[in-house]
Undergrad: 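My questions all concern the structure below.
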Amino acid sequence: MRWTQTYIPTLREVPSEAELISHRYLLRGGFIRKLAAGVYIYLPMMQRVIDKFANIVRDEMNKAGAIEITMPVLHPAEIWQMSGRYETVGKEQMRLQDRHLHNLVLGGTHEEIVTYLLKGEVKSYKQLPLNLYQIQVKFRDEIRPRFGLMRGREFIMKDAYTFDVDENAFMVAYQKMVDAYFAIFRRAGLDTRKVESDTGAMGGKAAHEFMLIVDTDGGEQTLIFCDHCDYAANIEKATYHEASPPQIDAEILPLKEVDTPHASTIEEVTSFLKIDAKRLIKTLIYLADKKPVAALIRGDRELNLIKLKNHLGANEIDMAPAAIVEEVTESPVGYAGPVGLKNIPIIADPEVTRIRNAVTGANKNEKHLLNVNIDRDFAPSAVVEIVNAVPGEGCPRCNGHLTSKRGIEVGNTFMLGTKYSVSMEAHFLDAEGKERPFIMGSYGIGITRTPQAAIERYHDDKGIIWPKNIAPYLVEIIPLNYEKEEHKQVAEQIYQELVSNGIDCLIDDRLERAGVKFNDADLIGIPVRLVIGDKSLKIGKLEMKYRGSNEMEQVALGNVVAAVKGLLERIN
RNA sequence: CGGGGUGUAGCGCAGCCCGGUUAGCGCACUUGCUUUGGGAGCAAGGAGUCGGAGGUUCAAAUCCUCUCACCCCGACCA
């Protein structure tokens with residue numbers, strides 16, 4: 001392709017809206033333009049990246065036995081009512097009405113639609129297993145779209161759905177998808193990690209996420225790894241055992257109320273009373289589906305809202321507003337404690353039950369209680385782990401210790417079980433003629449998000465460094481002065497040679513100065529750069545350079561195709 | 001949803017407090033000449049409903065009210 005015949009509107013200045021480096025380069029490099037919050041136009045360069053990645057996905061999915069279909073984006077609301085998700089997915093779902101005032105939704109995922117499809121079609125175990133997938137636009141009305149393609153309201157996703165006769169068959173299908181995912185990301189030049197994750201609104205028994213580890217601000221998820229075994233989990237899901245439990249007092253002491261003027265935060269209380277935060281019980285008041293609950297965690301821990309939400313089986317969970325806290329605790333915010341707390345469920349983290357002679361709020365203004373003890377002074381209604389795992393603590397699986405990294409989710413896999421087949425009554429007849437629900441799985445890959453994640457992972461201060469297999473072009477030819485007949489002729493000849501050898505090639509045939517071309521080339525990040533200029537032309541050569549390194553190599557004009565192929569072999 | 005902020009030429013911004021010529025600057029764009037291995041120089045030029053609506057005033061980008069859009073932070077604190 002010729003630069004002058006395609007459309008690559010690079011920008012010199014940084015658009016003010018972009019925060020993440022990858023988002024900036026997408027805008028500056030002329031890959032995307034914003035139409036509305038979380039809604040983007042994919043320009044020619046982005047289109048090529050999307051096509052290349054989608055083709056890798058398609059190829060590996062096909063190899064794994066999945067079959068491509070295309071389902072509608074527009075769904076009747078009734079189908080979502082069948083599974084019950086119309087009520088539970090909430091405001092993330094885009095909803096609209098047609099001229100007949102019929103309720104419709106724009107699909108953010110397609111479990112209901114495939115299940116509905118197969119419900120009427122697949123009636124025998126002989127027709128299974130089945131794995132259907134599609135690559136198409138999805139809509140999710142995100143609370144806060146941001147970071148460009150990373151969290152958009154409209155985006156492209158590959159979603160696959162498996163249907164199996166039983167648990168064993170399902171595990172085979174699931175593992176096939178996991179293997180396919182690793183193959184896909186490896187081909188795209190991305191080293192991903194599989195982590196355990198929360199199932200969220202999708203439901204089902206278990207789930208995994210495929211994470212690209214990054215060390216930039218783009219790492220939207222916190223991940224927990226074991227330094228010894230292969231335990232890996234999203235912080236939402238990660239669990240742990242205490243590596244060095246605090247010492248427990250020998251004696252249970254009598255309850256005592258003390259004044260703690262102006263000390264309402266953990267820090268203020270611990271420094272005022274000169275105690276370790278590990279002795280403190282933090283009492284947090286939440287509203288779970290509008291009903292107040294108290295969560296007790298140790299003073300040095302962080303609450304894990306998802307764990308709490310899952311335990312309660314709530315759809316929505318929010319911090320209680322001050323007025324509710326005051327009503328429930330009969331005291332100003334900052335002095336809540338479990339002793340004497342009436343009429344609301346008290347969920348305690350297991351660590352809390354192991355503190356002897358703890359410190360808590362007294363449910364009175366500027367007062368705390370000392371020597372609080374479980375059973376004698378309060379009784380939790382449930383004891384469940386509701387705090388975040390912390391680096392340094394013990395691995396739940398082995399003797400190792402936990403560490404933490406940041407990552408970007410590029411794919412996910414869900415073990416759905418029979419959630420959808422049962423609720424939507426999608427059954428088949430097994431070999432004994434018995435009616436059974438499908439065992440299902442669903443599998444997503446962010447087609448537009450993954451390339452941005454790749455940029456977040458592979459870039460320098462001049463621009464993108466595309467992995468070769470998702471790069472918009474493999475080679476960029478830069479004739480330094482296209483007006484010079486010799487530069488032009490050599491460039492054109494090399495271009496023809498490469499193209500006829502099936503190598504994706506972009507030639508910068510603009511009448512721009514060298515500096516402009518170099519800077520744009522660095523920005524758009526095409527892996528191999530061929531520079532044609534007087535210096536090396538004098539000796540019958542051109543210059544070849546990989547975008548990811550500073551080393552330049554001179555290549556004889558007659559040997560360019562072989563040299564380019566050789567270089568492409570060696571790079572990511 | 002809560003808090004903060006921004007809307008002025010394609011992009012990045014100044015002007016707004018303290019109302020007063022034809023609303024500026026840089027980049028980009030057009031034309032000409034020179035230049036030509038890391039974002040060229042000079043000259044001439046084109047381009048703006050000052051986000052929208054209403055109001056105050058002799059006079060509004062500037063003050064007031066409403067509204068829309070977008071960005072950032074938060075929703076980890078009892």
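Within every chain, numbering begins at 1; the chains are lettered A, B, ... in the order of the sequence lines, protein sequences first and strands thereafter.
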Undergrad: Using only side-chain N and O atoms of A:R513, determine if any of them is under 4.0 Å from OP1 or OP2 of B:rA40.
TA: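 For B:rA40, OP1 or OP2 has a side-chain N or O of A:R513 closer than 4.0 Å.
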Undergrad: Check whether the side chain of A:E543 and the base of B:rG37 form a donor-acceptor pair under 3.5 Å.
TA: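 Present.
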Undergrad: Which nucleotide in the set B:rG38, B:rG39, B:rA78 lies at the smallest distance from any side-chain heavy atom of A:D520?
TA: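 Within the option list, the nearest is B:rG39.
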Undergrad: Using Watson-Crick or G-U wobble geometry with both distances below 3.5 Å, tell me the partner of B:rC25, or none.
TA: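 In the structure as shown, B:rC25 has B:rG12 as its Watson-Crick or wobble partner.
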Undergrad: Closest to the A:F518 side chain: B:rC71, B:rA75, B:rG38?
TA: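 For A:F518, the side-chain atoms sit closest to B:rG38.
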Undergrad: Look only at the side chain of A:N373 and the backbone of A:R356, and say whether a donor-acceptor pair between them is shorter than 3.5 Å.
TA: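 No, the answer is negative, given that no donor and acceptor are paired below the 3.5 Å cut-off.
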Undergrad: Is the shortest side-chain N to carboxylate O distance from A:E242 to A:R298 below 4.0 Å?
TA: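 Salt bridge flag = yes for A:R298 with A:E242.
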Undergrad: Given that both distances must come in under 3.5 Å, which nucleotide forms a Watson-Crick or G-U wobble pair with B:rG19?
TA: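 Pairing partner: none.
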Undergrad: Looking at every strand, decide which applies to A:G533 at a 4.0 Å heavy-atom threshold: base, sugar-phosphate, or nothing.
TA: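 Touches a base.
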Undergrad: So, are A:R301 and A:E351 salt-bridged, with charged N and O less than 4.0 Å apart?
TA: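 So A:R301 pairs with A:E351 through a salt bridge.
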Undergrad: Quick one: which of B:rG12, B:rC71, B:rA78 gets closest to the side chain of A:V333?
TA: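 Of the options given, the side chain of A:V333 lies nearest B:rA78.
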Undergrad: Considering non-hydrogen atoms only, spot the tightest contact between A:P332 and A:E326 and give its length.
TA: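 The pair with the smallest heavy-atom distance is CA-CG, 3.9 Å.
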Undergrad: Under the 3.5 Å rule, do the base of B:rG12 and the side chain of A:R24 count as making a donor-acceptor pair?
TA: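 For A:R24, whose side chain was compared with the base of B:rG12, there is no donor-acceptor pair (under 3.5 Å).
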Undergrad: Would you please say whether a donor-acceptor pair under 3.5 Å links the side chains of A:R28 and A:T10?
TA: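 Judged by distance alone, the side chains do not pair up.
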Undergrad: Of the nucleotides B:rG39, B:rC11, B:rC1, which one has an atom closest to the side chain of A:E13?
TA: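 Among the listed nucleotides, the one closest to the side chain of A:E13 is B:rC11.
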Undergrad: With a 4.0 Å cut-off, would you call A:E456 and A:R406 a salt bridge?
TA: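 Looking at A:R406 together with A:E456, the answer is no, because their closest N to O distance does not fall below 4.0 Å.
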Undergrad: Which nucleotide, if any, forms a Watson-Crick or G-U wobble pair with B:rC50, using both distances under 3.5 Å?
TA: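 Its partner is none (no Watson-Crick or G-U wobble pair with both distances under 3.5 Å).
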Undergrad: Establish, for the pair A:R48 and A:Y473, whether the NZ or CZ atom is under 6.0 angstrom from the six-membered ring centre and no further than 45 degrees off its axis.
TA: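 Satisfied, under 6.0 Å and within 45°.
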Undergrad: At less than 3.5 Å, do the side-chain atoms of A:D522 and the base atoms of B:rG38 form a donor-acceptor pair?
TA: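 Such a pair exists between side chain and base.
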Undergrad: Across the strands shown, which category fits A:R28 at heavy-atom distances under 4.0 angstrom: base, sugar-phosphate, nothing?
TA: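 Touches a base.
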Undergrad: Just call it for A:L303: base, sugar-phosphate, or nothing, with non-hydrogen atoms closer than 4.0 Å on any strand.
TA: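 It contacts nothing in the nucleic acid.
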Undergrad: In whole Å, what is the span from the NZ atom of A:K34 to the C1' atom of B:rU6?
TA: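 Checked: the NZ to C1' distance equals 11 Å.
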Undergrad: With rounding to the closest Å, how many angstrom separate the P atoms on B:rU22 and B:rG4?
TA: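 Between the two P atoms, the distance is 38 Å.
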Undergrad: Indicate, yes or no, whether a donor-acceptor pair under 3.5 Å links the base of B:rG37 to the side chain of A:D534.
TA: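 No, no donor-acceptor pair under 3.5 Å.
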Undergrad: Counting side-chain heavy atoms from CB outward, which of B:rG37, B:rC72, B:rA78 is closest to A:E19?
TA: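 Per side-chain heavy atoms of A:E19, the pick is B:rC72.
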Undergrad: Is the centre of the A:Y482 ring less than 6.0 Å from the centre of the A:H487 ring?
TA: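 So the answer is no for these two rings.
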Undergrad: Of all the choices, B:rG12, B:rC71, B:rG37, which nucleotide is nearest to the side chain of A:P15 once you look at every atom?
TA: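 Selected nucleotide: B:rG12.
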Undergrad: With rounding to the closest Å, how many angstrom separate the P atoms on B:rC66 and B:rG20?
TA: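 One P to the other, the span is 25 Å.
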Undergrad: Expressed as a whole number of Å, how far does the P atom of B:rG2 sit from that of B:rU67?
TA: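 Per the computed distance, 13 Å lies between those P atoms.
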Undergrad: At under 4.0 Å between heavy atoms, what does A:A18 touch on the DNA or RNA strands: base, sugar-phosphate, or nothing?
TA: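 Since no nucleic acid heavy atom lies under 4.0 Å of A:A18, the category is nothing.
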Undergrad: Separation of A:K541 atom NZ from B:rG37 atom P, in whole Å?
TA: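 About 22 Å, once rounded to whole Å.
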Undergrad: Take atom CG of A:N234 and atom P of B:rC76, then tell me their distance rounded to the nearest Å.
TA: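 Rounded to whole Å, this separation is 16 Å.
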Undergrad: Counting only Watson-Crick or G-U wobble pairs whose two distances fall under 3.5 Å, which nucleotide matches B:rA69?
TA: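 Check on B:rA69: paired to B:rU6, both distances under 3.5 Å.
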Undergrad: Would you say B:rG39 has OP1 or OP2 under 4.0 Å from some side-chain N or O of A:K462?
TA: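 No, no such contact exists.
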Undergrad: In whole Å, what separates the P atom of B:rG19 from that of B:rG39?
TA: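 Their P atoms lie roughly 46 Å apart.
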Undergrad: Under 4.0 Å, counting only non-hydrogen atoms across every strand here, what does A:T360 touch: a base, just sugar-phosphate, or nothing?
TA: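 Answer is nothing: A:T360 stays at 4.0 Å or more from every strand.
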Undergrad: Can you tell me how far P of B:rC76 sits from CG of A:D349, to the nearest Å?
TA: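 Going from CG in A:D349 over to P in B:rC76 covers 16 Å.
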Undergrad: B:rC29, B:rC70, B:rA75: which one has an atom nearest the side-chain heavy atoms of A:I143?
TA: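 Nucleotide nearest to A:I143's side chain: B:rA75.
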Undergrad: If you assign A:R153 and A:E267 each to the RNA chain B nucleotide with the nearest heavy atom, which residue ends up on the more 5' nucleotide?
TA: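 Taking each residue's closest nucleotide, the earlier one in sequence belongs to A:R153.
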Undergrad: If we call it a pair only when both distances are under 3.5 Å in a Watson-Crick or G-U wobble match, what pairs with B:rU57?
TA: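 Its partner: none found.
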Undergrad: Please tell me if A:K282 has a side-chain N or O lying less than 4.0 Å from either OP1 or OP2 of B:rA78.
TA: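 Answer is yes, contact under 4.0 Å.
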Undergrad: Rounding to a whole Å, what distance do you find between A:Y482:OH and B:rU36:C1'?
TA: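 Roughly 17 Å, once rounded to whole Å.
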Undergrad: Is any side-chain nitrogen or oxygen of A:S16 closer than 4.0 Å to OP1 or OP2 of B:rG12?
TA: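 Indeed, a polar side-chain atom of A:S16 lies that close.
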Undergrad: Mind checking if A:L11 touches a base, just sugar-phosphate, or nothing, with heavy atoms under 4.0 Å?
TA: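 Touches nothing.
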Undergrad: When the P atoms of B:rA23 and B:rA60 are compared, how many Å lie between them, rounded to an integer?
TA: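 Taking atom P in both B:rA60 and B:rA23, they lie 13 Å apart.
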Undergrad: Atom CG of A:L369 and atom P of B:rA78: how far apart are they, to the nearest Å?
TA: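 Taking atom P of B:rA78 as the reference, CG of A:L369 is at 17 Å.
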Undergrad: What integer number of Å spans the P atoms of B:rC63 and B:rG26?
TA: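 It comes out at 26 Å once rounded to the nearest Å.
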Undergrad: Under 3.5 Å for both donor-acceptor distances, Watson-Crick or wobble: does B:rG32 have a partner, and if so which one?
TA: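 B:rC42 - that is the nucleotide pairing with B:rG32, both distances being under 3.5 Å.
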Undergrad: Using 4.0 Å as the upper bound for N to carboxylate O, is an ion pair formed by A:R449 and A:E220?
TA: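 Yes, this pair counts.
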Undergrad: Would one find a side-chain N or O of A:R144 under 4.0 angstrom from OP1 or OP2 of B:rC71?
TA: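 No, because none of the side-chain N or O atoms of A:R144 sits under 4.0 Å from OP1 or OP2 of B:rC71.
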Undergrad: If you only use heavy atoms from C-beta on, which nucleotide in B:rG37, B:rA75, B:rG39 is closest to the side chain of A:V516?
TA: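 That would be B:rG39.
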Undergrad: Would you kindly check whether a donor in the side chain of A:R12 faces an acceptor in the base of B:rG38, or vice versa, at under 3.5 angstrom?
TA: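 Per atom types, no contact qualifies.
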Undergrad: Of all heavy-atom pairs between A:Y231 and A:T239, which one has the smallest distance, and what is that distance?
TA: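 So the two residues come closest at OH-N, 3.1 Å.
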Undergrad: With P as the reference atom in both, quote the distance from B:rG15 to B:rU57 in angstrom, rounded to an integer.
TA: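 Going atom to atom, P in each nucleotide, I get 28 Å.
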Undergrad: Select base, sugar-phosphate, or nothing to describe what A:R151 touches, counting heavy atoms under 4.0 Å on all strands.
TA: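 Here A:R151 touches no strand at all.
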Undergrad: At under 4.0 Å between heavy atoms, what does A:N388 touch on the DNA or RNA strands: base, sugar-phosphate, or nothing?
TA: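 Base, at least one base atom sits under 4.0 Å.
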Undergrad: Calculate the interatomic distance between A:K517 atom NZ and B:rU36 atom C1'; express it in whole Å.
TA: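 Value for this atom pair: 11 Å.
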Undergrad: Take atom CD of A:E302 and atom P of B:rA78, then tell me their distance rounded to the nearest Å.
TA: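 Rounded to whole Å, this separation is 11 Å.
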Undergrad: Of the nucleotides B:rG37, B:rC76, B:rC72, which one has an atom closest to the side chain of A:R146?
TA: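 Of the candidates, B:rC72 comes closest.
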Undergrad: If I pick the C1' atom on B:rU8 and the same atom on B:rA61, what distance separates them, to the nearest angstrom?
TA: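 Result for the C1' pair: 7 Å, nearest Å.
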Undergrad: Report the residue (A:I235 or A:I532) whose heavy-atom-nearest nucleotide on RNA chain B is the more 5′ of the two.
TA: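 Result of the comparison: A:I532.
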